[in-house]
Amino acid sequence: MAIDEDVESCGSRAALSSQAQPRHHRQKLEVYNEVLRRIQDYNFEEANLPGFDDQLWLHFNRLPARYALDVNVERAEDVITHKRLLQFAEDPANQPAFEVRSVQVCPVFNGNSVDSVHSDSSMKEDAQSTFNYSNRQGIHAPPTFGSSPTLDALALQANRYHVEDGGSAMSATPVFSRPMHEITFSTVDKPKLLSQLTSLLADIGLNIQEAHAFSTVDGFSLDVFVVDGWKYEETEELKSVLEKEISKFKDQSWSKQHPIAAIGEDNQTRNESFPSSIEIPTDGTDVWEIDTRQLKFENKVGSGSFGDLYRGTYCTQEVAIKVLKPERVNAEMLRDFSQEVYILRKIRHKNVVQFIGACTRPPNLCIVTEFMSKGSVYDFLHKHKGVFKLPSLLKVAIDVSKGMNYLHQNNIIHRDLKTANLLMDEHEVVKVADFGVARVQTQSGVMTAETGTYRWMAPEVIEHKPYDHKADVFSFGIVLWELLTGQLPYSSLTPLQAAVGVVQKSLRPTIPKTTHPRFAELLERCWQQDPTQRPPFSDIVEILQNLAKEVGNEGEDRRRSGGFFSALRWGNH
Ligand SMILES: Nc1ncnc2c1ncn2[C@@H]1O[C@H](COP(=O)(O)OP(=O)(O)OP(=O)(O)O)[C@@H](O)[C@H]1O
């Protein structure tokens with residue numbers, strides 16, 4: 001989880017006059033003062049401890065400014081809980097520390113529309129006026145944080161659809177009408193923590209309705225989830241189920257952090273337990289083991305979760321060498337690695353990055369593929385602010401859909417299709433890359449492991465439901481939108497908020513009005529909620545090719561008539 005850049009030093013509380021203070025700082029101070037006043041009024045034990053006010057200020061400053069802006073001051077006791085959880089989580093034995101409580105999120109029926117009570121988008125403007133929804137509370141107190149205005153807007157929209165469909169305002173089903181709980185976790189911040197916590201919640205059948213993730217300046221996390229799906233209002237049983245699930249989760253983390261225990265027998269040394277080579281299924285016909293002496297390493301290109309990637313040569317050919325870091329190798333990684341080799345060696349297509357070979361004798365574990373000199377489409381769009389003009393955009397889309405069609409014909413689901421995994425060679429041919437997480441589809445067709453990135457992920461994958469190759473079609477739809485707009489999908493939301501929106505509120509990126517209707521229709525078909533409604537890649541290739549022809553002809557006509565080209569939207573680029 002990224003740490004927000006807006007954390008201020010803890011010594012600045014009284015240092016600036018109120019006029020000179022930045023707006024965020026002023027609001028934070030106001031929230032701090034209000035929370036402190038309430039805690040003292042309620043006579044909480046902590047409030048009487050010496051130096052409590054300084055510690056509370058320190059708490060606000062450990063966290064990003066948006067924590068203070070979003071927190072419900074009427075729930076001052078939650079701030080104490082957060083402070084306590086963060087402190088508790090300092091002891092590794094307590095990680096992750098968590099707290100559960102029942103919450104009530106009351107929708108307001110306002111005329112013919114259904115409004116979520118905490119959807120006031122002015123809440124970001126005035127922290128003090130944000131928190132009036134608890135006045136309408138039911139048996140339980142409201143959540144600690146207001147929900148994202150974007151998601152609320154969507155909830156509102158979804159409810160309006162209900163109203164129109166049902167023909168009556170009161171037949172609308174408020175999104176937040178079921179028993180809900182707020183679960184707050186604190187632990188040491190680390191990559192993929194959010195996805196671990198969300199899987200943990202999904203595993204016990206909870207649906208995340210809201211998520212607020214914060215990182216402290218000193219490396220801890222505070223993640224607050226509002227969930228439904230737990231049928232009882234009381235919290236004790238939920239707490240004990242969570243405890244059990246957390247201890248399972250700890251066991252798994254332990255085996256990941258201790259590869260010896262995972263791979264070998266107890267008490268064996270690392271060298272003894274480490275396999276001398278990895279068993280990769282083979283039909284005996286392919287020669288793919290590479291002698292490292294024939295590999296020449298040049299510069300490091302980048303790093304991924306597997307290890308580092310180098311440019312180099314193999315028998316005079318320019319290659320990309322993905323090196324697994326031996327110190328980070330464990331059983332799961334080795335399985336992924338062998339799987340990657342197994343998949344890559346079988347495939348050969350001009351729109352799929354070509355596998356050349358692998359070194360599988362530890363400590364030399366690496367995968368050698370063709371080198372893609374023009375980098376990723378993601379970097380092109382978002383780092384270099386590149387734009388695809390009409391012909392190139394269609395060409396990229398056709399390249400990717402052909403590569404994906406080939407993979408699907410070979411029963412390979414990519415599962416992590418996104419622009420970062422689309423690489424360009426020197427001729428600007430785009431190829432599908434990164435099978436670090438690709439898998440041969442199991443016979444049952446059930447694949448539940450969570451991979452990929454939320455912004456591109458199909459709802460069924462986010463929800464840990466069984467999924468198939470149509471999950472890649474959804475991701476392709478998001479990729480097409482990205483190529484069209486040059487923007488990051490749901491850029492105003494955190495990845496987790498995007499995930500909640502996609503699953504719960506059918507959130508999708510907004511298609512620009514100027515988009516060619518047939519292209520817009522293709523995007524919408526690709527990201528249908530129901531996977532069976534999404535077209536197969538064989539159809540997508542055909543649709544895109546026809547569109548390219550049509551647009552090419554239109555362009556020719558316009559050129560002849562002296563007009564300029566804006567048939568899709570890339571004319572604007
Ligand atoms: N065949 C290749 N040729 C040139 N550059 C490549 C090639 N494969 C990957 N890269 C680049 O190397 C960097 C690291 O890629 P890698 O696949 O190891 O990790 P990643 O995809 O960034 O992350 P992760 O594996 O965690 O999803 C990225 O910038 C990627 O664009």
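Keep in mind that the numbers below use all heavy atoms, side chains included, and drop hydrogens, waters and symmetry copies. One-based numbering, in listed order, for ligands and for the atoms of each.
- The distance between the ring centers of Phe388 and Phe380 falls below 6.0 angstrom.
- Counting the atoms of ligand 1 from 1 in the order shown, those under 4.0 Å from a heavy atom of Leu423 are 1 (N), 2 (C), 6 (C), 7 (C), 8 (N), 9 (C), 31 (O).
- Every atom of ligand 1 is numbered from 1 in the order shown, and the set under 4.0 Å from a heavy atom of Thr369 is 1 (N).
- Inter-residue side-chain proximity for Phe519 and Val551 is flagged as unmet; no heavy-atom pair is nearer than 4.5 Å.
- A ring-centre distance under 6.0 Å is found for Phe476 and Phe537.
- Heavy-atom contacts of Ala320 reach the following atoms of ligand 1: 1 (N), 2 (C), 3 (N) (cutoff under 4.0 Å).
- At a 4.0 Å heavy-atom cut-off, ligand 1 touches Lys322 through the side chain alone.
- Of all atoms in ligand 1, listed by their number and element, those nearer than 4.0 Å to a heavy atom of Asn421 are 21 (O).
- Distances from ligand 1 to the non-hydrogen atoms of Val319 include no value under 4.0 Å.
- Around atom 12 (O) of ligand 1, the closest heavy atom drawn from Leu309, Asp379, Asp308 belongs to Leu309.
- Remark: Leu85 pairs with Thr81, Ala97, Glu99, Thr184, Ser186 by the side-chain contact (heavy atoms from CB on, under 4.5 Å) rule, at least two apart or across chains.
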Q | Tyr467 and Arg415: CA distance, side-chain angles, deciding distance, side-chain hydrogen bond (donor to acceptor under 3.5 Å, both in side chains) verdict | A | CA-CA 10 Å; Tyr467 64 88; Arg415 299 202 304 173; 2.9 Å; yes
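- The distance between the ring centers of Tyr67 and His82 falls below 6.0 angstrom.
- Ligand 1 has Glu370 within reach: a non-hydrogen atom of the residue lies less than 4.0 Å from it.
- Taking only non-hydrogen atoms, the option from Gln354, Glu318, Met372, Lys418 nearest to atom 3 (N) of ligand 1 is Met372.
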